[in-house]
Amino acid sequence: MMRAHLTFITPQDPLAAAPAAATAAAPAAAPTAAPAAAPTAAPTAAPTAAPTASAPSLDLFKRGVLLSLPFTLPLTLALTLPHLAGCNDDPAERPPVEGGAEGGAAGGAAGGAAGGAAGGAAGGAAGGAEAPSAYEFESRFKEGESSVAYAGQSARLALIGALGAHMEGLEGRLATGALAPVAGGVVAELDVFFSCAMGVCEGEGHGVTLALPTAQGTIGDISAGKDLVGKVAGNDPVGQRRDWGAQGVQGWPEPLSPEALVRSWFAAAEANALAIADGANPLDPTGAPITAPHLTAEGLHLAELCEKLLFGALALSQAADDYLDDDLEGKGLLSDNAGPEAEGGAYSALEHAWDEGFGYFGAARDAGAFTTEEVAGSGGRPEFQRAHDANGDGLIDLTSEYNWTGARYAALRDRDGGTALLRDVFGAFVAGRALITRAAGPLSAAQLEALKGHRDAALRAWEGALAASAVHYLNEVLAHLDAPAAEWSFAEHAKHWSELKGLALAFQFTPRSAVRGEDFASLHAAIGARPTLPSSPEAAAHRAALVAARGRLGALFGFSEEALAAW
């Protein structure tokens, strides 16, 4: 297993492009018989910043808001649903983990060829210059200023984490009596982070706790005027490739839009909270009362579903289907690069679009200076645990010096699986931004093609990190299915299943996904609409389908058998 420095490719190294991903497909039935019990202690997923779980700190009710609602980089580096067509793949016919090696060889060859082509184009377009080792670029328009800006993206990543943490915090508040839920109240609290009407979320803490203090104390300090709902797939007015309202989120039983699906989970959390407060707790399959509003009797962990869906329906969607797309003139990669985007500004429209895509991935600007363990927060130098004070001011700037969850997911999978997903995402983003900056004006046809190559490499590895993380949670679910009855935990099984399901939904939000059509449908058929209990008659078939889905993901992304097992 590789546990090395984030070994970025030098100009002499071949491009290790991660093959594209594809998943397998659609859920079966709801959980059946109550299991007996025992979860395993499988590795946990990428750490997320833990925002405080207190009630919203703003004086919202008084305002009537809630109730009214060091190296150098080269330049390249479902469930079978009525609204899910073409679900003909039979997961049982797919090879299990063994498929990873064969797919890896094919994917590696394809990635190498594509990487070589992109590298040649990039080198020719930029005169063979090497990209810098950090995501730092001086303005062409304002001397002495940086041209990099994506604080809004950092704020939205903070909001996603804060939303999940607040939902999980409802349980403790109910237990202590700090929360006395009323109809509409819990939904309104959660909507503070989702809609942020009238800026009500801006005074909320971002929840990031590090060894050094952060330069920003609240979400509004990171960037004001931001929300989640306006950027969820289907709500951005320009450039959407699908009618998300009409077609709904594929892989989920009800064909709801991404926004409607999130709001349905808010409503479910509130219904649970009201029932628990009334002493009518829902019961888990063993007959024990459920005390957490974010956990349903069907086994849905609502906080994890919200967070993981938004990683795809907002962060990945905005990057892949908006800022880094090339389907609309004057938008994304076809934005202007001749002058500043705004009068007196420090960056061009193209520079800013690329930055915003990078911002949603969430890596620190000097991520190349970290080891994988340091990005993951699991070892290495104390001053590099998830963040690094690059400018020496004694503070961590959350817009530039901190590695958010997406980057940490990639690092965790690299650490345990010997992959290089973080290196590939970061390297492609840096190389692409260097190309844009050095062009110093409109891109030539060759430069645009080279930029598309960097875009494709970044998104391929980003999606690969999500796929690898889905495999991680799939392995956790398998461990729950195999656990002795006395050790099985309904809450832990539900949590890991929900993380798997939420991440598996993400593939549909990038137009260049490797997981599409029958692969996507069969993946969600294997995962199901809710957890399958170990005591269910369907447990053996469910397990076999998950193993087959894991092998298919390995084949699509070129993951080795060792990596699939290690995750």
About how many Å separate CG of Leu500 and CD of Glu304, when rounded to the nearest 0.5 Å? 11.5 Å
Would you say the side-chain atoms of Glu145 and Ser139 include a donor-acceptor pair closer than 3.5 Å? no
Enter the distance from Arg423:CZ to Thr419:OG1 here, rounded to the nearest 0.5 Å. 9.5 Å
Looking at Arg512 and Asp326, is any side-chain nitrogen of the basic one under 4.0 Å from a carboxylate oxygen of the acidic one? yes
Considering all heavy atoms, the nearest His352-Glu341 contact: CD2-OE1, 3.4 Å
Sub-4.5 Å side-chain heavy-atom contact between Leu228 and Cys196: no
Could you tell me whether Glu401 and Arg365 have a side-chain N and a carboxylate O separated by less than 4.0 Å? no
Main chain of Ala566, side chain of Asp416: is a donor-acceptor contact present, judged purely on distance under 3.5 Å? no
Is a salt bridge present between Arg263 and Asp191, judged by a nitrogen-to-oxygen distance below 4.0 Å? yes
Without swapping roles, check the side chain of Trp462 against the backbone of Val425 for a donor-acceptor pair under 3.5 Å. no
Is Arg140 paired with Glu351 through a side-chain N to carboxylate O contact shorter than 4.0 Å? yes
Of all heavy-atom pairs between Ser195 and Asp227, which one has the smallest distance, and what is that distance? O-CB, 3.3 Å
Would you say that Leu310 contacts Leu163 through its side chain, given a criterion of any heavy-atom pair below 4.5 Å between the two side chains? yes
Please find the pair of heavy atoms, one from Asp414 and one from Ala420, that lie closest to each other, and give the distance. OD1-N, 3.3 Å
Is a side-chain N or O of Thr218 found less than 3.5 angstrom from the main chain of Glu202, in a donor-acceptor match? yes
To check you understand the geometry: which heavy-atom pair defines the closest contact between Leu295 and Asn272, and what is its length? O-ND2, 2.8 Å
Distance-only, no hydrogens or angles: does the Trp354 side chain make a donor-acceptor pair with backbone N or O of Phe429 under 3.5 Å? yes
Between Glu373 and Arg415 (salt bridge meaning N to carboxylate O under 4.0 Å), is one present in this structure? no
Give a yes or no answer on whether the side chain of Trp567 reaches the backbone of Leu412 with a donor-acceptor pair at less than 3.5 Å. no
Is there a donor-acceptor pair under 3.5 Å between the side chain of Gln508 and the backbone N or O of Leu505? yes
Name the orientation class of the two ring planes belonging to Phe384 and His388 (parallel below 30°, tilted from 30 to 60°, perpendicular beyond 60°). parallel
is_close_aromatic(Trp252, Trp265), centroid dist under 6.0 Å: yes
With a 3.5 Å distance limit and no angle check, can you tell me whether Arg242 reaches the backbone of Gly248 through a side-chain donor-acceptor pair? yes
If you measure from the Lys or Arg side-chain nitrogens to the Asp or Glu carboxylate oxygens, is any gap between Lys331 and Asp325 under 4.0 Å? no
Close side-chain approach of Phe509 and Asp321, heavy atoms under 4.5 Å: no
Between Ala387 and Tyr402 the two heavy atoms that sit nearest each other are CB-CD1, 3.9 Å
Contact between Leu300 and Trp497 at the side-chain level, heavy atoms closer than 4.5 Å - yes or no? yes
Which is it for Phe194 and Phe266 under the ring-ring contact (aromatic ring centres under 6.0 Å, His included) test, yes or no, and what are the steps along the way? CA-CA 10 Å; Phe194 193 52; Phe266 288 178; 5.6 Å; yes
Are the side chains of Cys306 and Met167 in contact, using a 4.5 Å heavy-atom criterion? yes
Is it the case that the side chains of Glu463 and Ser513 hold a donor-acceptor pair, with the cut-off being a distance below 3.5 Å and no angle test? yes
Once rounded to the nearest 0.5 Å, what's the spacing between atom OG of Ser469 and atom NZ of Lys308? 9.0 Å
Under 3.5 Å side-chain donor-acceptor pair for Ser348 and Asn337: yes
Can you tell if the side chain of Thr214 reaches within under 4.5 Å of the side chain of Leu395, non-hydrogen atoms only? no
Separation between CG (Leu398) and OG (Ser223), nearest 0.5 Å, reads 12.0 Å
So, does Tyr150 use its side chain to make a donor-acceptor pair with the main chain of Thr399 at under 3.5 Å? yes
Does the His496 side chain pair with the main chain of Glu492, one donor and one acceptor, at a distance under 3.5 Å? yes
Note: Leu421 and Ala465 closest approach over all heavy atoms is CD1-CA, 3.8 Å
Aromatic contact between Tyr323 and Phe358, with the criterion being ring centroids under 6.0 Å apart: yes or no? no
For the pair Glu189 and Arg173, find out whether any cationic side-chain nitrogen is under 4.0 Å from an anionic carboxylate oxygen. yes
Would you say Ser264 and Leu256 make side-chain contact, with heavy atoms under 4.5 Å? yes
Looking only at side-chain N and O atoms, does Ser498 offer a donor or acceptor that is under 3.5 Å from a partner on Lys501? no
Backbone N or O of Ala369 within a donor-acceptor pair of the Asp366 side chain at under 3.5 Å? no
Is a donor from one side chain sitting under 3.5 angstrom from an acceptor on the other, for Arg433 and Ser147? yes
CG/Leu324 to CG/Leu459 distance, rounded to the nearest 0.5 angstrom? 5.5 Å
Inspect the contact between Arg530 and Glu298 and indicate whether a charged nitrogen and a carboxylate oxygen are less than 4.0 angstrom apart. no
If you define the side chain from C-beta out and look only at heavy atoms, does anything of Thr510 sit under 4.5 Å from Leu316? yes
